[in-house]
Structures are given as structure tokens and as C-alpha cells.
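Working notes for the structure below.
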Amino acid sequence: DLGLVRWGPHGRLEATGEETFVVACGMGLDARIMAGTDRGLKRRFSFGAYVASGLREALHPKPSRYTLEIDGERHELTGQAVLIANAGELIPGLLGPRRAIDPGDGRLDVLVLGGRGLLGAARGGLELLLRTGDSDGGARLMRAALRVRVDAEPAQPTQIDGDVHELARVWHHALD
């Protein structure tokens with residue numbers, strides 16, 4: 001299955017853009033890491049370039065208050081990133097949610113990396129690395145969503161399968 005993301009400017013209810021995604025769409029830290037990774041370094045160091053960008057971003061956390069509507073249920077969380085995933089792991093074979101994401105279930109998985117600062121983000125990252133997440137403070141995984149809406153205050157950039165957009169409100173739909 002695929003995901004469909006629609007987006008619009010912060011503070012407006014209507015969508016102004018639309019794109020399908022295969023793997024994931026994220027808002028916050030992961031989009032900032034992707035935006036901050038130099039193309040030349042990506043060609044030269046592959047995944048290592050993202051690690052360097054991630055370390056730079058980790059030293060200057062930019063939390064947001066995320067409001068998520070997941071299949072009609074509202075969640076308000078403070079955190080570093082929201083990732084809506086259809087498949088895969090953050091680092092294949094090493095970093096991902098405790099329960100594998102099923103790319104063929106017709107649903108999207110919602111992962112929130114919590115924390116207001118460096119320690120909270122580190123705790124969430126460690127929970128992911130050790131695959132112990134699903135807590136309210138560090139990493140939180142909400143499963144089996146058909147529809148997700150995400151708002152961030154302050155506004156955060158968004159990435160769609162690795163392409164960065166400066167957006168603040170996104171809608172996601174699972175497509176079979």
C-alpha cells in the first residue's frame with residue numbers, strides 16, 4: 001500500500017498540495033536532518049552524512065507542540081518529530097520501532113519522538129535503538145491508522161520520502 005499526504009500552510013484548513021509516499025512522511029527533526037545534509041557529503045559518505053547532520057541538529061533541539069488526529073482521536077504531545085510510516089526502519093537493521101511496520105496492512109504507523117530538549121530526544125532515540133519505545137515521554141508508537149492529521153506549533157518542516165517541504169499542517173491517508 002501507499003500513503004497519500006496533503007498539506008497546507010500553517011493556520012489554514014484547506015490543503016494546497018498533494019503527493020503519495022511509499023516509505024514515510026515526517027515532521028520536525030527528521031526533516032531538519034534531511035534539509036541540513038549536504039548533497040556532496042551524501043554522495044561521498046552515504047548514510048554517514050545524515051549522522052553528521054543529526055548530531056548538529058541534536059545539539060540544538062527545536063521541540064514543537066504537536067496536535068495529532070489519528071482516525072478521529074486527538075493527541076497533544078510535545079516532541080522533536082512525528083513520523084508517519086508505511087514501511088521500513090529509521091536505520092535498516094538497527095533503529096526502528098519495537099514492532100515491525102507492515103507495508104501491506106493498508107494502514108499507517110505513527111511514531112512520535114518526544115522530549116523538549118536534548119535529554120528527552122536522547123531518551124526517545126535510545127528507546128528506539130533498544131526497541132523499548134511506546135512510552136509517553138520518549139518514543140511513542142500509535143499503530144494502524146487510516147487517517148492522520150498533524151499540526152505543529154511552532155511550525156516545523158516536513159519530509160515526504162526524503163524530499164523536504166517547509167510546511168506545518170499535513171493530512172495523511174492510507175491507500176491500498
Side-chain angles (χ1 to χ4, degrees), residues 1-39 42-43 46-47 49-50 53-54 57 62-92 95-97 99-114 121 124 128 133 139-176:
D1 47 66
L2 299 171
L4 173 68
V5 60
R6 292 185 175 112
W7 63 84
H10 184 68
R12 294 184 45 185
L13 294 176
E14 67 276 353
T16 57
E18 177 177 293
E19 188 173 330
T20 57
F21 65 94
V22 176
V23 177
C25 177
M27 182 182 281
L29 179 63
D30 64 321
R32 290 194 310 274
I33 290 170
M34 289 179 187
T37 303
D38 179 85
R39 287 183 187 261
K42 282 193 269 190
R43 283 192 299 276
S46 187
F47 182 76
Y50 290 105
S53 180
E57 284 297 326
K62 297 176 180 100
S64 264
R65 182 72 180 160
Y66 291 100
T67 303
L68 295 89
E69 283 186 28
I70 302 171
D71 291 338
E73 187 176 325
R74 185 179 171 101
H75 303 268
E76 292 188 13
L77 306 148
T78 298
Q80 301 295 326
V82 173
L83 184 69
I84 292 83
N86 183 45
E89 297 180 319
L90 301 174
I91 302 173
L95 182 62
R99 296 181 308 261
I101 296 171
D102 182 356
D105 65 0
R107 298 184 182 267
L108 303 170
D109 293 82
V110 181
L111 180 72
V112 179
L113 180 61
L128 284 174
R140 186 168 183 189
L141 179 63
M142 294 167 255
R143 305 202 46 96
L146 289 173
R147 296 182 183 275
V148 181
R149 190 182 90 195
V150 182
D151 289 309
E153 188 62 49
Q156 294 288 322
T158 299
Q159 64 83 12
I160 302 168
D161 278 344
D163 294 327
V164 179
H165 301 271
E166 295 295 324
L167 310 169
R169 169 173 286 175
V170 293
W171 298 263
H172 306 80
H173 305 275
L175 300 174
D176 286 325

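- The shortest distance between side-chain heavy atoms of Asp109 and Arg107 does not fall below 4.5 Å.
- Side-chain contact between Glu57 and Asp30: absent, with no pair of heavy atoms (C-beta onward) separated by less than 4.5 Å.
- Glu69 has no carboxylate O lying under 4.0 Å from a charged side-chain N of Arg147, or vice versa, which leaves the two without a salt bridge.
- For Gly26 against Ala31, the heavy-atom pair with the smallest separation is O-CB, 4.2 Å.
- The minimum heavy-atom distance linking Gln80 with Tyr66 is given by the pair O-OH, 3.5 Å.
- For the atom pair CG (Leu83) and CE (Met27), the distance works out to 11.5 Å, reported to the nearest 0.5 Å.
- The line from CG of Asp38 to CZ of Arg43 is 8.0 Å long, rounded to the nearest 0.5 Å.
- Judged by distance alone, with hydrogens and angles left aside, the side-chain atoms of Glu18 form no donor-acceptor pair with the main-chain N or O of Thr20 at under 3.5 Å.
- Of the possible donor and acceptor atoms, none in the side chain of Asp161 sits under 3.5 Å from a partner among the backbone N and O of Cys25.
- Arg149 has a carboxylate O that lies under 4.0 Å from a charged side-chain N of Asp151, or vice versa, which qualifies the two as a salt bridge.
- No donor-acceptor pair under 3.5 Å is formed between the side chain of Thr67 and the backbone N or O of Glu76.
- A heavy-atom distance below 4.5 Å is not found between the side chains of Phe21 and Asp163.
- Taking each heavy atom of Pro154 and Pro63 in turn, the nearest pair found is CD-O, 3.9 Å.
- Among all heavy-atom pairs drawn from Gly36 and Ser53, the shortest one is C-OG, 3.5 Å.
- The two residues Asp71 and Ala145 make their nearest non-hydrogen contact at OD2-CA, 3.2 Å.
- Take Glu19 and apply the side-chain hydrogen bond (donor to acceptor under 3.5 Å, both in side chains) test, not counting sequence neighbours, and it matches no residue.
- Put simply, the side chain of Asn86 gets close to the backbone of Val22: a donor and an acceptor are under 3.5 Å apart.
- The distance from atom OG1 of Thr158 to atom CD1 of Ile84, rounded to the nearest 0.5 Å, is 8.5 Å.
- In this structure, Thr37 OG1 and Arg32 CZ are separated by 12.5 Å, a value rounded to the nearest 0.5 Å.
- Gly106 approaches Leu146 most closely through the heavy-atom pair O-CD2, 3.5 Å.
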